[in-house]
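Accompanying notes for the structure given below.
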Number of protein chains: 2
Amino acid sequence: MSRFETSSVNIGEVARRAKVSRSTVSYALSGKRPVSESTRRRIQRVIEEMGYRPNASARALARGETRTLGLVFPPAGNHYTDMQLDFIGGVTEAAAGRDYDVLLSVADAGEERSFQRLIGERRVDGAILMEIRLHDARVERMRESAFPFVTIGRISDPDGTAWVDLDYRTLVRRCVQHLSDLGHRRLAFVNRSEALLRSGYESAHRGQDGFDLAVRELGLNGAAYPCEDDAMGGERCAARILADHPETTGIVTVNEASLGGLYRGITAAGRTIPRDMSVTGIAGARWADAVTPALTAADVPAREMGRIAIDLLLERIAGAPARDRLLVPPIVLRASTGTAPRLAP
Amino acid sequence: MSRFETSSVNIGEVARRAKVSRSTVSYALSGKRPVSESTRRRIQRVIEEMGYRPNASARALARGETRTLGLVFPPAGNHYTDMQLDFIGGVTEAAAGRDYDVLLSVADAGEERSFQRLIGERRVDGAILMEIRLHDARVERMRESAFPFVTIGRISDPDGTAWVDLDYRTLVRRCVQHLSDLGHRRLAFVNRSEALLRSGYESAHRGQDGFDLAVRELGLNGAAYPCEDDAMGGERCAARILADHPETTGIVTVNEASLGGLYRGITAAGRTIPRDMSVTGIAGARWADAVTPALTAADVPAREMGRIAIDLLLERIAGAPARDRLLVPPIVLRASTGTAPRLAP
DNA sequence: TTGAAAGCGCTACCAC
DNA sequence: GTGGTAGCGCTTTCAA
């Protein structure tokens, strides 16, 4: 007999074969009531023989909890980045460790449909939201509904919400500081895409703030550029930077997906990294390592953030007050930054 | 017991307020029985007023289907690649389009636990398996259980299973052919990692077959190398290739994650791509574009494969016989290949 | 230590 | 065109 048939066995069948009531089987499984050792064993044997597994839908209905968490991530178009994949992996693994499943949902800022599926139909006990905007309709929606959720990234006024975020502001400032320490005086900031910025994309805005602030504080010259999330965007951006300010010798980027193109554009202009141009920023370690010379950067601890998100969410589900975590990973020195050249080339 | 009273509106409440029976509400929603226009409207109004959404668990229990599909992907350790993320995105979006949700499950080859959660507890109506091995315990398990599933990639003897795969054999042959046409005579093949090969990783083996075959047919010299899935692996691999056979002028790679390192290694050895060394292979478009010069490669249509997987799976769930799709995307000419140098450097 | 039975919220059959 | 109601498979009181 196929394993599949046997798994449509239900608790009644087990009870009959073990000559006990269904409740006893249930309690033997949950341990919520003492069951004599002998019957417990008998039940266990039958369960193994028949390959019984409690039906998740029935259990969810009876218990009022699904043991499933929602992971809301944006539809493509804007490409997925490595970071996002690592979030997904981190979240899923951490959830599995706590005996939760993860239900994926593609939903853009305003997407009502998927919200209704997840929360309205009670498919999940809580949700994690990725790709947060400073003013995010999804977050407001969740807040109103008093549904447990955690954001990866944080809204403009995050008080009372649970979130885990990278401190883009501080990280970008540190990058600027690093370049300043190396003697660079004219910097450029490569941000995420124009569209993302317009939509109020959180990390893009806070990164920009950090850049503006640091440049001002340190008395440097700086210009910021939005950049499409792909190699082509990076090339174009490099060209613009060098056209606008040929004396630029340092670049800070938060746009990992354009990194290859950025390098290509710089090289195409006859400059060598890091001799003529230093580059640093925030990126997934894989991207930072993929380019030559490898990028000195703050590595996004995406996997860890996924884990943290799960922890915070489970706390919320258990009724605890909202907590948050702001991470500031160290800048890893690789090979893409050096002292500023004496003369602007 | 659920803590969220707001959505504890149920069908009975709606029925009472609309002064009809619960069955009528159900039928008004499903359309499986004619309902007079006037009552339909009345019901609709009440539903909107109260923000009623049918509870997914209850519905799943009653209907015997969850409208959820499982996506089984391997735990990290071996890094996730871009390709995998695009699969996930493609699968999730396609599923959403058909009104299905996607439940993520990290499960390695032998992982029983997650199989039981997904299939045993009937959390999903069908499953998609990624990262297939030629002999894959998960696939056998599914096969036995007669549970609807589709693999991305195919096992050694895939007859009777539903799958979508890239024709690595043909694609690698085409790459070899391409290099041969350009006059290259000594080639190297950069495969996935040793560990993956040992585990019988499908695409790695079929790619290798294609390489061996093509090299023989075309009367070329070739050597194959396993390579770790990261930049460091690529560097090491480049070094080995050039040490073993300095006369190598063409490389075929199926290891996108090591691409940056491979380039770096080649460059570090004083060779220029494509003047002294041509590189081609199979990779996600983003990786191919990220390196300089951009990689001439067959772009993995991961998103499309995700969509196809969903189609095939829904067919299976509907009871149709297993189908499969073998894809052979074209090689996109970029900038990393050129005619063989006259003299080996 | 165990059993009986009342739900959980929805669907779909059987009646009218 | 509509209502009543028996399940779906499990959990958890209430009783013994």
Side-chain angles (χ1 to χ4, degrees), chain A residues 5-44 46-47 50-68 117 119-123 125, chain B residues 1-44 46-47 50-68 117 119-123 125:
Chain A
E5 310 289 349
T6 65
S7 97
S8 60
V9 174
N10 62 29
I11 198 171
E13 192 72 12
V14 173
R16 196 166 322 126
R17 294 273 251 266
K19 301 199 191 313
V20 292
S21 73
R22 301 183 319 166
S23 50
T24 301
V25 175
S26 177
Y27 285 121
L29 239 37
S30 70
K32 289 185 182 171
R33 190 168 86 172
V35 171
S36 81
E37 189 52 27
S38 65
T39 53
R40 225 192 52 72
R41 281 240 265 268
R42 190 150 30 93
I43 290 171
Q44 196 52 45
V46 174
I47 284 178
M50 314 186 67
Y52 167 74
R53 298 257 113 197
N55 176 301
S57 303
R59 177 174 275 185
L61 182 57
R63 290 219 272 228
E65 63 166 35
T66 60
R67 295 225 60 111
T68 301
R117 280 185 74 83
I119 283 75
E121 300 179 7
R122 308 208 103 43
R123 256 168 231 273
D125 299 336
Chain B
M1 201 59 216
S2 159
R3 305 186 5 254
F4 308 99
E5 310 303 337
T6 55
S7 140
S8 65
V9 184
N10 60 30
I11 199 171
E13 194 70 14
V14 173
R16 197 166 321 125
R17 294 275 250 266
K19 301 197 191 317
V20 291
S21 72
R22 300 185 316 163
S23 51
T24 300
V25 175
S26 176
Y27 286 120
L29 239 36
S30 70
K32 288 185 182 170
R33 191 168 86 171
V35 172
S36 83
E37 190 51 26
S38 66
T39 54
R40 226 191 52 71
R41 282 238 264 268
R42 190 150 31 91
I43 291 171
Q44 195 53 43
V46 174
I47 284 178
M50 315 187 66
Y52 168 72
R53 294 260 114 195
N55 177 300
S57 302
R59 177 175 272 185
L61 183 57
R63 290 220 273 230
E65 62 165 37
T66 60
R67 293 239 119 200
T68 300
R117 280 186 75 83
I119 283 74
E121 300 179 5
R122 306 202 106 40
R123 256 168 232 273
D125 297 337

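Just so it is clear, the values below take in all heavy atoms, side chains as well, and ignore hydrogens, waters and symmetry mates.
R16(A) is linked by a salt bridge (Lys or Arg N to Asp or Glu O under 4.0 Å) to E13(A), counting only residues two or more places apart in sequence or in another chain. Taking T66(B) as the reference, D125(B) meet the side chain to side chain donor-acceptor pair (under 3.5 Å) condition, with sequence neighbours excluded. Partners of T39(B) by side chain to side chain donor-acceptor pair (under 3.5 Å), not counting sequence neighbours, listed by chain and number: S36(B).
Per the geometry, CD1 belonging to I11(B) stands 17 Å off C1' belonging to dG7(C), to the nearest Å. Across the protein-nucleic acid pair, E13(A) atom CD and dC8(D) atom P stand 12 Å apart, rounded to whole Å. Distance, R123(B) CZ to dG9(D) P: 16 Å, rounded to whole Å. One atom, NZ of K19(A), and another, C1' of dG3(C), lie 16 Å apart when rounded to the nearest Å. Across the protein-nucleic acid pair, N10(A) atom CG and dG7(D) atom P stand 14 Å apart, rounded to whole Å. If you measure from atom CD1 of I43(A) to atom C1' of dT1(C), you get 11 Å, rounded to the nearest angstrom.
Closest approach of R40(B) and V35(B) over heavy atoms only: N-CG1, 3.9 Å. Summarising the geometry of L61(B) relative to S57(A), their closest heavy-atom pair is N-CB, 4.1 Å, with the distance given to 0.1 Å. Between G120(A) and R53(B), the shortest heavy-atom distance links the atoms O-CB, 3.4 Å. Counting all heavy atoms, side chain and backbone alike, I11(A) lies closest to V25(A) at CG1-CG1, 3.6 Å.
In this structure, the side chain of R17(A) does not engage the main chain of V14(A) through any donor-acceptor pair within 3.5 Å. Panel note: side chain R42(B), backbone A18(B); a donor-acceptor pair is recorded below 3.5 Å.
Interface residues of residues 58-67 of chain B facing DNA chain D, ordered by number: L61(B), A62(B); criterion, heavy-atom separation under 4.0 Å.
Contacts of S30(B) with the nucleic acid, taken as non-hydrogen atoms under 4.0 Å apart, are absent. Residue S57(A) is out of contact with every strand shown, counting any heavy-atom pair closer than 4.0 Å. Here S36(A) lies in heavy-atom contact (under 4.0 Å) with sugar-phosphate atoms only.
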Using a cutoff of under 3.5 Å, can you pull out all pairs of nitrogen or oxygen atoms linking the protein to nucleotides 13-16 of chain C, with atom names and distances?
residue	atom	partner	partner atom	Å
dC13(C)	N4	Y27(B)	OH	2.9
dC14(C)	N4	R33(B)	NH1	3.4

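In terms of phosphate contacts, N55(B) brings no side-chain nitrogen or oxygen within less than 4.0 Å of OP1 or OP2 of dG9(C). Within the 4.0 Å cut-off from OP1 or OP2 of dT11(D), not a single side-chain nitrogen or oxygen of K32(A) is found.
Where the helix from dT1(C)-dA16(D) to dC16(C)-dG1(D) starts and where it ends, the local axes point in directions that differ by 40°; five pairs per end, rounded to 10°.
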(request) Could you check Y52(A) against L29(A) for side chain to side chain contact (heavy atoms under 4.5 Å, CB included), going step by step and ending with a plain yes or no? (result) CA-CA 11 Å; Y52(A) 167 74; L29(A) 239 37; 3.7 Å; yes

(message) Between N55(B) and N10(B), does the side chain to side chain contact (heavy atoms under 4.5 Å, CB included) criterion hold? Intermediate values first, please.
(response) CA-CA 8 Å; N55(B) 177 300; N10(B) 60 30; over 6 Å; no

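Distances were taken from every side-chain heavy atom of R22(B) (C-beta onward) to each of dG1(D), dT5(D), dC10(D); the shortest belongs to dT5(D). Among dA4(C), dC10(D), dG9(C), the nucleotide with an atom closest to any side-chain atom of S21(A) is dA4(C).
In this structure, R33(A) places its CZ atom where more than 12 heavy-atom neighbours from other residues, nucleotides or ligands lie under 6.0 Å away.
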